[in-house]
Amino acid sequence: MTETKVIVIGGGHAGAEAAAASARLGVPTVLITQKKETIGEMSCNPAIGGLGKGHLVREIDALDGLMAKAADASGIQFRVLNRSKGPAVRGPRIQADRDLYKEAVQQTLFQQDNLSIMEATVEDVVCEKTGVVTGVVLSSGEKVACSALVLTTGTFLRGVIHLGESKTPAGRIGDEPSIGLALTLEKFGFALSRLKTGTPPRLDGKTIAWGSLLEQNGDCPPEPLSYLTDEIQNEQRSCFITNTNETTHAIITKNLNKSPIYSGQIEGVGPRYCPSIEDKVVRFADKNKHQIFLEPEGLNTDTVYPNGISTSLPADVQEHLVRSIAGLENVRIIRPGYAIEYDHVDARELKHTLETKKMAGFFMAGQITGTTGYEEAAGQGLIAGINAGLVALAKEPNFIIDRAEGYLGVMIDDLVTKEIKEPYRMFTSRAEYRLQLRADNADIRLTEKGVRIGCVSEYRKGRFEKKRSNIEKAEDTLKMLKLSPSALSKLGIAVNQDGIKRSAHELLGHRDIGKERLLEIWPEVGQIPQQYLELCRNNSMYESYVRRQEADIEAYRKDENLVFPKGMDFCSVGGLSNEARQALETVKPQTLGQAARIPGITPAAAIILLRHVRAQGRRRRHLQGSG
């Protein structure tokens with residue numbers, strides 16, 4: 001029998017981050033995947049980041065994860081979305097060269113200390129009667145022992161590809177599905193449901209009439225995703241925009257009965273925020289066009305990804321509908337689009353550490369928990385990998401990002417407290433404290449937390465400490481530069497004439513006062529590097545709002561610190577409705593705050609729980625005192 005400390009199953013985005021995170025803690029880790037050459041594969045769109053997702057990538061990077069660095073090494077177009085809006089909702093996004101991205105991930109993993117890669121298929125999980133994971137069984141019959149296990153099966157768990165009426169068992173095109181593990185999870189009593197996702201046809205760029213399309217350039221200069229990247233080296237490429245039209249919609253409507261989504265062939269629910277073109281045409285029947293982004297898949301390929309027309313219609317129908325679109329009249333389809341249906345586990349069976357409640361040392365991350373997207377998967381993989389590593393080190397697996405610390409915390413809290421009825425996707429609107437959770441300050445929020453747990457390299461730690469010191473110096477300088485309201489008025493800057501001096505830091509946050517104006521008043525502002533000045537400006541812009549939000553965060557943290565007794569019987573709590581009892585027993589929250597966020601738990605129910613826990617505490621203290 002082979003032995004290691006942590007096993008990670010799956011070499012996708014979740015698995016890569018989990019394996020690297022565990023290994024960075026100094027824990028001997030084995031990543032088991034069917035094919036080494038597919039590690040880091042971008043199975044769907046060739047892009048990383050975006051609205052909400054870009055925040056996740058920056059947070060992964062702040063904890064020394066792989067995704068942002070790989071994106072910078074492979075990026076061929078960089079754009080900050082929502083740039084015209086406030087800094088809190090801006091989303092950095094890159095178009096990647098698929099081959100370069102995969103190469104960057106593999107290079108990092110293959111060189112990672114404490115990590116080995118094994119090509120194999122896992123068929124079963126070994127668990128002691130006490131409910132502790134002890135290893136896995138491979139298809140060869142070989143057993144591999146471990147202290148902790150991270151399962152990141154993506155779309156492979158009983159995966160089925162749908163293309164028209166055709167059904168093919170597969171985790172993705174060309175890869176076998178995972179049947180044994182699905183049966184294992186059922187054996188252990190995990191609740192499985194079906195979800196689906198899809199991908200558009202791939203197009204031959206040599207057959208596209210580019211001259212008739214709207215060109216979309218990236219930002220110049222490109223803004224890196226990783227805090228460690230100083231400059232982007234790759235040649236940059238444009239994307240192009242076209243639209244569906246009434247003819248396209250007519251073709252789709254006529255052939256809806258051939259779509260697996262509408263014929264009843266697919267049981268799983270697809271992502272509402274990234275629907276197939278069939279769904280768009282049906283759900284938004286009043287629209288006569290839908291936008292399509294033609295995205296290059298790399299520097300050395302002519303393959304183009306038409307973002308916006310995910311479909312599982314038959315191949316011949318796909319050809320007709322694609323050729324009805326402006327610029328694509330003579331296009332050649334390299335590979336038709338398809339839908340993929342797969343099993344996922346009810347994430348309410350997981351703790352906030354992503355350890356399962358049923359089995360100690362058993363963690364899950366990625367699409368198996370009901371999410372969709374590379375970024376969501378990678379973020380979970382990072383957290384699961386860190387906590388699995390802590391188990392292997394015989395430490396408490398308690399590395400948790402809460403909702404006030406990061407989008408990682410928002411996502412995981414949503415997953416483990418709410419029922420997932422469709423693939424979960426991150427948006428800025430999901431974060432109630434988003435004014436503080438910006439993409440530009442993820443390292444300020446999280447890197448020190450990563451340093452304390454041991455998952456951040458000395459190199460990143462040094463870079464971070466230097467940056468933080470420079471920001472503090474910049475803010476101190478800006479706060480020391482002050483003028484009275486009357487002096488500012490003479491300079492053409494209107495403020496309330498209240499006698500209170502205004503600092504350069506405060507004025508920097510005003511939308512109508514730019515850096516150039518401050519330079520005219522205080523030339524020393526020009527000595528502050530632009531990157532630090534921009535961060536100071538964003539901090540200043542939100543300062544008053546953040547102060548007001550601190551009371552909300554304090555109340556939130558107070559509820560999070562009220563921990564329920566281990567194994568608390570929620571059915572024994574008097575005054576709760578049957579609906580509340582059922583919801584609490586399903587999720588088994590660990591804190592009052594978690595309980596309050598469960599759908600069906602009213603403020604009145606939360607107060608009942610609070611009183612019950614306090615009464616139990618008083619009773620225990622009384623018994624201890626009388627003893």
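Because only heavy atoms are used, hydrogens play no part in the values below, and waters and symmetry mates are left out as well, while side chains stay in. Owing to the predicted nature of the structure, the values given are computational and were not obtained by experimental measurement.
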Check your understanding: Of R79, R98, R93, which meets salt bridge (charged side-chain N to carboxylate O under 4.0 Å, His left out) against E295?
Key -> R93
Could you pull out all residues at least two apart from [X] that satisfy salt bridge (charged side-chain N to carboxylate O under 4.0 Å, His left out)?
X	value
K35	D175
R202	E297
R24	none
D343	R158, R194

Kindly indicate whether the side chain of [X], heavy atoms from C-beta on, has any atom under 4.5 Å from the side chain of [Y].
X	Y	answer
I7	V150	no
L115	D113	no
T29	N114	no
L157	H344	no
D414	V410	yes
Y532	E534	no
I208	F240	no
L25	F399	no

Using 4.0 Å as the upper bound for N to carboxylate O, is an ion pair formed by [Y] and [X]?
X	Y	answer
D64	K69	yes
D440	R90	no
R460	D61	yes
R237	E235	yes

Practice item. For T33 and E119, run side chain to side chain donor-acceptor pair (under 3.5 Å): C-alpha distance rounded to whole Å, both residues' side-chain angles, the deciding distance at 0.1 Å, then the answer. Key: CA-CA 5 Å; T33 181; E119 279 191 327; over 6 Å; no
Review point. Which pairs with one or both residues in residues 2-48 pass ring pair (Phe, Tyr, Trp, His ring centres under 6.0 Å), sequence neighbours excluded?
Key: H13-Y101, H13-Y374
Under 3.5 Å, is there a donor-acceptor pair between the side chain of [X] and the main chain of [Y]?
X	Y	value
T207	R332	yes
D402	E405	yes
S540	G509	yes
W210	G205	yes
Q106	E103	no
D72	I232	no
K449	I400	yes
T447	A62	yes
N234	G75	yes
H55	A88	yes

Can you name the nearest heavy-atom pair linking [X] to [Y], along with the distance?
X	Y	result
L138	V144	CD1-CG2, 4.1 Å
A73	A104	CB-CB, 4.1 Å
S238	N217	OG-OD1, 2.8 Å
C455	I386	SG-CD1, 3.8 Å
A70	V105	CB-CG2, 3.8 Å
I401	G406	CG2-N, 3.8 Å

Interatomic spacing from [atom1] in [X] to [atom2] in [Y] - rounded to 0.5 Å:
X	Y	atom1	atom2	result
I528	K515	CD1	NZ	9.0 Å
D443	E448	CG	CD	11.5 Å
L415	D413	CG	CG	9.0 Å
I117	Q112	CD1	CD	9.5 Å
Y338	S312	OH	OG	12.0 Å
I9	T153	CD1	OG1	8.5 Å

Check your understanding: Would Q367 and T155 satisfy side chain to side chain donor-acceptor pair (under 3.5 Å), going step by step from the backbone distance to the final call?
Key -> CA-CA 7 Å; Q367 283 176 285; T155 59; 5.0 Å; no
Practice item. Any chance you could lay out the side chain to side chain contact (heavy atoms under 4.5 Å, CB included) test for I471 and L535, step after step, and finish with the verdict? Key: CA-CA 8 Å; I471 291 169; L535 191 57; 3.1 Å; yes
Point to revise | N387 vs E355, side chain to side chain donor-acceptor pair (under 3.5 Å): CA-CA, chis, key distance, verdict | key: CA-CA 8 Å; N387 283 303; E355 185 179 27; over 6 Å; no
**Study point:** salt bridge (charged side-chain N to carboxylate O under 4.0 Å, His left out) contacts touching residues 38-60 (sequence neighbours left out)
**Key:** E41-K102, K53-E375, K53-E376, R58-E223, E59-R445
Go through the side-chain N and O atoms of [X] and [Y] and say whether any donor and acceptor fall under 3.5 Å apart.
X	Y	result
Y305	N45	no
T428	R434	no
T38	R172	yes

Practice item. Check step by step if side chain to side chain donor-acceptor pair (under 3.5 Å) holds for Q380 and T369. Key: CA-CA 9 Å; Q380 291 174 72; T369 69; 2.7 Å; yes
Check your understanding: What's the verdict on side chain to side chain contact (heavy atoms under 4.5 Å, CB included) for N441 and N538, showing C-alpha distance, side-chain angles and the deciding distance?
Key -> CA-CA 9 Å; N441 68 1; N538 294 342; over 6 Å; no
Check your understanding: Would one find more than 12 heavy atoms of other residues, nucleotides or ligands at under 6.0 Å from atom NZ of K461?
Key -> no
Practice item. Check the surroundings of atom CD in E37: do more than 12 heavy atoms from other residues, nucleotides or ligands lie under 6.0 Å from it? Key: yes
Check your understanding: After noting the C-alpha distance and the side-chain angles of F427 and L51, does the key distance pass the side chain to side chain contact (heavy atoms under 4.5 Å, CB included) rule?
Key -> CA-CA 6 Å; F427 291 103; L51 302 179; 5.5 Å; no
Check your understanding: So, is the end of the R430 side chain (NZ or CZ) under 6.0 Å from the ring centre of Y424 and within 45° of the ring's axis?
Key -> yes
